[in-house]
Amino acid sequence: MAEVLVVGSAVLDFVYSVDELPKTAQKFQAGALNVVGGGCAANASVAIARLGGRAQLLARFGQDEVRDLVTNDLREEGVDLSRLIVAQAGRSAVSSVYVDAKGERQIMAFRGEGLPAAPGDITDLRCAAILADTRWPEAARAAFEAAPPGCHTILDGEEPVPETLARLASHVVFSEQGLHAFAGSTDTEAALRNAAKLLPGWVAVTCGADGVKWVEDNEIKSLGGFNVEVVDTLGAGDVWHGAFALCLAETMSEMEAMRCANAAAALKCTGPGGRKATPNRAQVELFLKENT
């Protein structure tokens with residue numbers, strides 16, 4: 001079983017189903033409410049566990065009810081929480097999420113307060129891959145610098161992306177927003193080329209339903225996504241990164257890992273409730289077999 005250390009955000013999401021995303025300052029009626037665990041790193045950890053890997057999460061919380069709700073759920077998913085940092089006077093992160101009838105989402109995030117910057121001692125890592133988001137850059141940097149020999153270091157490039165952190169990663173996979181901000185261009189392919197020139201590692205960008213683009217031999221390559229009936233896109237990018245990191249830890253090539261990640265993210269989008277719809281390995285393998 002391949003082990004992946006996942007570093008970054010873990011939050012509690014209040015997910016409201018609405019016909020349309022709010023555009024004006026008035027009261028709205030939600031059709032449904034799901035209260036679920038969220039956060040880039042936590043969602044990726046659940047994806048790794050469901051796909052058959054061993055996920056260890058390095059995240060930070062306040063000592064409050066939010067922490068209890070989030071960590072209880074993660075334990076049930078089989079995520080290793082032995083590296084969590086808890087601040088007695090801190091407040092854990094929460095988000096309000098609106099998901100419209102097309103499955104698109106709008107997020108208002110509170111990232112917590114009074115949470116420590118230092119991740120503690122992580123010099124004893126034994127993992128095959130480290131996946132970090134940009135929400136706790138001090139911990140991401142420490143983890144990448146402590147990576148054992150041969151360990152893949154993957155950065156989930158959500159805005160803002162510090163160049164000093166991105167340069168430590170063997171693989172940087174941006175969101176389109178993160179890539180545009182990092183490379184200073186709203187043209188995705190131009191931005192991708194700029195990022196590849198700046199960074200020493202493998203560089204890619206996820207493009208939602210359009211799949212993923214990356215740079216290979218100074219050329220832009222692409223792998224299309226899968227056509228599915230979208231119910232909820234919340235957490236799809238996190239699932240993508242978790243699946244990609246696990247596949248690399250299992251010694252797959254980038255191409256194999258991207259195809260598996262595209263399938264996992266597509267399947268997540270077919271169900272409601274954020275990461276509740278994250279698929280398991282059997283579901284992904286069947287989906288890939290049916291969509292060859």
Shortest non-hydrogen contact from [X] toward [Y]:
| X | Y | answer |
| --- | --- | --- |
| L21 | E104 | CD2-O, 4.0 Å |
| P119 | I85 | O-CD1, 3.5 Å |
| V35 | F14 | CG2-CD2, 3.7 Å |
| V284 | C260 | CG1-SG, 4.0 Å |

Counting N and O atoms only, with roles assigned by atom type, does the side chain of [X] sit under 3.5 Å from a partner on the main chain of [Y], one being a donor and the other an acceptor?
| X | Y | answer |
| --- | --- | --- |
| N262 | G224 | yes |
| T153 | S170 | yes |
| S95 | V97 | no |
| K268 | L234 | yes |
| D100 | K102 | yes |

Hey, are [X] and [Y] close enough for a salt bridge, meaning a charged N less than 4.0 Å from a carboxylate O?
| X | Y | result |
| --- | --- | --- |
| R83 | D124 | yes |
| E189 | K213 | yes |
| D13 | R105 | no |

Q: Assert yes or no for the condition that the ring centre distance of F28 to Y16 is strictly below 6.0 Å.
A: no

Give a yes or no on whether [X] atom [atom1] has more than 12 heavy-atom contacts from other residues, nucleotides or ligands under 6.0 Å away.
| X | atom1 | value |
| --- | --- | --- |
| N72 | CG | yes |
| K23 | NZ | yes |
| F61 | CZ | yes |
| E229 | CD | no |
| N291 | CG | yes |
| E216 | CD | yes |

How long is the straight-line distance from [atom2] of [Y] back to [atom1] of [X], given to the nearest 0.5 Å?
| X | Y | atom1 | atom2 | answer |
| --- | --- | --- | --- | --- |
| L179 | C207 | CG | SG | 8.5 Å |
| L57 | L74 | CG | CG | 6.5 Å |
| T134 | L165 | OG1 | CG | 8.0 Å |
| T251 | E256 | OG1 | CD | 8.0 Å |
| Q56 | I48 | CD | CD1 | 11.0 Å |

Q: Kindly work out whether a path of hydrophobic side-chain contacts (I/L/V/M/F/W/Y, heavy atoms less than 4.5 Å apart) joins V173 to L246.
A: yes

Q.
Between W214 and L223, does the side chain to side chain contact (heavy atoms under 4.5 Å, CB included) criterion hold? Intermediate values first, please.
A. CA-CA 9 Å; W214 71 99; L223 179 66; 3.8 Å; yes

Q: Check the angle between the aromatic planes of H152 and H171 and answer parallel, tilted or perpendicular using the 30° and 60° thresholds.
A: perpendicular

Q: Apply side chain to side chain contact (heavy atoms under 4.5 Å, CB included) to L267 and V239, showing your working.
A: CA-CA 10 Å; L267 283 169; V239 170; over 6 Å; no

Q | Residues S82 and D80: side-chain donor-acceptor under 3.5 angstrom | A | yes

Q. Without hydrogens or angle criteria, can the side chains of T164 and R141 be said to hold a donor-acceptor pair below 3.5 Å?
A. yes

